[in-house]
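Take a look at the structure below.
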Amino acid sequence: MKMVVVMMIMMVMAMVSEASMIEQTCKETPDFNLCVSLLDSDPRGSSADTSGLALILVDKIKGLATKTLKEINTLYKKRPELKQALDECSRRYNTILKADVPEAIEAISKGVPKFGEDGVIDAGVEAAVCEGDFKGKSPLTSLTKSMQKVSNVARAIVRMLL
Amino acid sequence: MASSESLLPVTSQHDPLSESSSNSIPETRRRKPTKVHLVVYSGFLLIALYITLIVTHTRPVSTKGANDEKTVASRARLAGVSEKSNEHIWKMSDDREGEAFAWNNTMLSWQRTAFHFQPEKNWMNGPLFYKGWYHFFYQYNPNAAVWGDIVWGHAVSKDLIHWLHLPFAMVPDQWYDANGVWTGSATFLDDGSIVMLYTGSTDKFVQVQNLAYPEDPNDPLLLKWTKFSGNPVLEPPPGIGDKDFRDPTTAWKTSDGKWRITIGSKINRTGISLVYDTVDFKTYEKHDILLHQVPNTGMWECVDFYPVSKTKHHGLDTSVNGPDVRHIVKASMDDTRIDHYAIGTYYDSNGTWVPDNPSIDVGISTGLRYDYGKFYASKTFYDQHKGRRILWGWIGESDSEAADVQKGWSSVQAIPRTVVLDTKTRKNLIQWPVKEIESLRLRSKKFHKKIGPGTVVPVNVGPADQIDIEAEFKLKNEDLEVIFGDDSVEDDKDFSCETSGGATLRGALGPFGFSVLADQSLSEQTLVYFYVTKGKDSKLKTFFCTDTSKSTMANDVVKQVYGSFVPVLKGEKLTMRILVDHSIVEGFGQGGRTCITSRVYPTKAIYGATKLFLFNNATDATVTASFKVWQMNSAFIHPFSAVDDLVVPSST
């Protein structure tokens, strides 16, 4: 019986300590729930240090940008009257993929996090600009808002490296 | 590139979930096994289950703090902000009815500067240099208009203004700099030869210091560099993080004939500067004591350390020491992107430095800055050719990276400035654009205008996007006396440029100055101005500010108000100088006591539509402005060619 108790204590301790790095980090971000859900859903999350957690979030930004670009592409056919705004969004989101994400990955990995901060902040900026282009009638609102939220969380974690 | 200034609004840190979870876990931890094992067993099972729920909880819960998305229309607050956080709020959409801005190529290509150093394309920062030909070695990304893949770009000039591009000086071709050939400094040895110490990011991402020297000392262009076979010469010492060890300084001679360098770092949140002595630049003795440290300032990048004369207006070689000398410690604060400096005393016997005024020590937010606008990663060098110390600063972009990618480049260098101690106040440095820039001056026009309160007057100079303005302002004595005599005009204890909201805030004695990069209707304008307030003890207190909040219709750029207090001594007139070069504005208050650099991205006030105005938005004072405006020629910065070698350098 004592063995079982000891095992239960160890299991609890293990689970508590696994959760606490992510939890502790996420508490310092503007969106605890989003932060935890993003980091938990990634297998690397449980053993990552702060840099590692930041890189996971950059990866999420990358994934979200790719997803948004796909959506933009389908919208060209469904909503051809929105072409101009879609073009601008396409340009903005391509910047996220081609400039912001590589810059953030390189900077965070190499220990010059402020350029990583630039990259993740800019991802939110580009999403906000794209959203604004539709003048209130955006078909991409939930995606652009997601990007801004993820950008805010990522930025807070990168700040911890400074 | 959107810098750390340009933050999307940060939502509150309130976290409802943590309150519930953190309360329950400690409680359950404290529960001890009781006599009845069955109860304990099931108790632990319940806890395990509960924790499992928390850990795998994926449903986003809509709660008060977490999902609050309102864009906050508050202003950038540099003053009074805690040293750690960087609360610049990025204003988006709320003043333009949600209309985003699509930059077209005409607008973007106007932004390129005419007489500031910038490479033909892509990304640049960080100065390094050697003289004869003035050499500029800079951090360059050959592949993109964002930071990354850093190599050493190289350019030369005879006069610090007309630059010629050369091939890359160094690239990441060794394991010890495979991930980046980063910032370094040059030292002249006694025999006149040069050694270069630079930071490499190794193949394992460790920051190390490496030695390099010119392959051919007889080549005045210093085209090729040899890396020492024994690199790295310095690795992060015990207690210092692998990624907190970069930017070695120029070396100076100690009284026992050794060379000494300092390298910035941090321990937890304390910014520090490590000291090493060397004889041959290959092996080093690390000091146990630091040159200096300041708590809560974060990582110190690009540390600079140099002497300034207390009495003379010329520069001093880095090794000079003596009773006539003060020493400057400067560091670039990684946390806030600000270059701070402090004046103090250097003790050669143990390699330490003590500030004159610890309350404004290096890195303290209310301390001194080289520049109160956008200006970072700066360094000085001693120009023995002309006996002056020159300051180089890197000016990043304040726009979105999409715009940088579209226009194909990012970042410029400030115009090199001479730097000396202000012999009158002895409490700050004075910077001034190098005299050689005057060789770009073309035709000029002189003006003398008296403008009453609440007036804006156009200044007709023709094109107004490449100009140099030198101005003097006088306030009427009668106006000043009225202000002092009037008890209802209170001391303005809390004024600061950054929190004022810009030049629309009207005081009795200010703001007044120039509206640059303005369009005819003033829908876009950048204001560079003085704001004079009544200080305590019947003294005036003057501020020098730049307001970019209305500089452009675009809403995807940073539009802050910058500036600071500027000392004005008895009998001095108010003077300012402004260099306007397309998307960069450099302002110098009171002969360079307070400097402000800003990046500006107008959409309408471009090409022929750029205008200049003089304004006085004070409520009571009449201002008399005497000023001269020069048209500035381009510096025609271009790749070096054989023809350039034969051209006689412009005399300065």
Side-chain angles (χ1 to χ4, degrees), chain A residues 1 4-5 8-9 11-12 15-16 18-19 23 26-34 36-37 40-41 84 88 91-92 94-95 98-100 102-103 106-107 109-115 117-119 121-122 124-126 128-133 135-136 145 148-149 151-152 155-156 159 162, chain B residues 1-4 6-8 10-13 15 17-18 21 25 33 37 40-41 44-45 47-48 51-52 54-58 60-61 66-67 69 90 92-93 98-102 144-148 179-180 201 205 207 242-244 298-299 334-335 337 400-402 404-406 555-556:
Chain A
M1 200 59 210
V4 176
V5 168
M8 292 302 309
I9 293 172
M11 192 173 95
V12 165
M15 293 172 102
V16 165
E18 253 183 44
E23 271 196 0
C26 290
K27 274 185 201 174
E28 307 292 321
T29 72
D31 193 334
F32 177 88
N33 295 327
L34 176 63
V36 168
S37 71
D40 267 349
S41 62
Q84 211 177 340
E88 187 63 16
R91 189 210 305 274
R92 299 285 175 166
N94 270 306
T95 302
K98 306 227 173 91
D100 297 336
E103 178 184 35
E106 184 172 347
S109 314
K110 294 183 183 178
V112 265
K114 69 171 169 300
F115 297 119
E117 192 184 33
D118 283 353
I121 289 173
D122 193 66
V125 170
E126 308 296 359
V129 171
C130 159
E131 177 69 14
D133 235 356
K135 301 187 179 58
K145 292 265 181 268
Q148 289 177 66
K149 289 190 217 175
S151 157
N152 278 343
R155 182 209 139 257
R159 272 263 122 205
L162 282 163
Chain B
M1 168 190 77
S3 72
S4 69
S6 55
L7 296 180
L8 287 176
V10 176
T11 56
S12 83
Q13 307 264 331
D15 169 42
L17 182 62
S18 72
S21 62
I25 293 171
H37 290 177
V40 168
Y41 184 91
F44 272 110
L45 198 59
I47 297 158
I51 292 165
T52 313
I54 296 168
V55 164
T56 61
H57 178 74
T58 51
V61 176
N67 295 342
E69 272 292 312
W90 196 89
M92 172 72 200
S93 301
E99 198 172 318
F101 204 82
V146 291
W147 182 89
N179 276 305
S201 177
F205 302 126
Q207 293 169 11
D242 283 352
K243 296 178 184 167
D244 299 329
M299 175 73 188
D334 202 14
D335 219 8
R337 318 279 189 111
S400 70
E401 285 184 12
D404 297 345
V405 168
Q406 193 179 345
N555 56 7
D556 60 341

*Is it true that B/D242 and A/K110 make a salt bridge, defined as a side-chain N closer than 4.0 Å to a carboxylate O?*
no
*Would a 4.5 Å heavy-atom cut-off, applied to side chains only, mark B/S400 and A/D122 as touching?*
yes
_Which atoms of A/E126 are under 4.5 Å from chain B, going by heavy atoms: the side chain, the backbone, both sets, or neither?_
side chain
*Please answer whether the main-chain N or O of A/T95 pairs with a side-chain N or O of B/E401 as donor and acceptor at a distance below 3.5 Å.*
no
_Set out, in order, the CA-CA distance, both residues' side-chain angles and the distance that settles side-chain contact (heavy atoms from CB on, under 4.5 Å) for A/E117 and B/D334, then state yes or no._
CA-CA 11 Å; A/E117 192 184 33; B/D334 202 14; over 6 Å; no
*Between B/N179 and A/E106, what is the shortest heavy-atom contact and its length?*
O-OE2, 4.5 Å
*Indicate the atoms forming the closest heavy-atom contact of B/K243 with A/S109, along with that distance.*
NZ-O, 2.8 Å
*Hey, is the main chain of B/V405 close enough, under 3.5 Å, to the side chain of A/K98 for a donor-acceptor pair?*
no
*Between A/V112 and B/M299, is any pair of side-chain heavy atoms under 4.5 Å apart?*
no
*Salt bridge between B/D335 and A/K114, side-chain N to carboxylate O under 4.0 Å?*
no
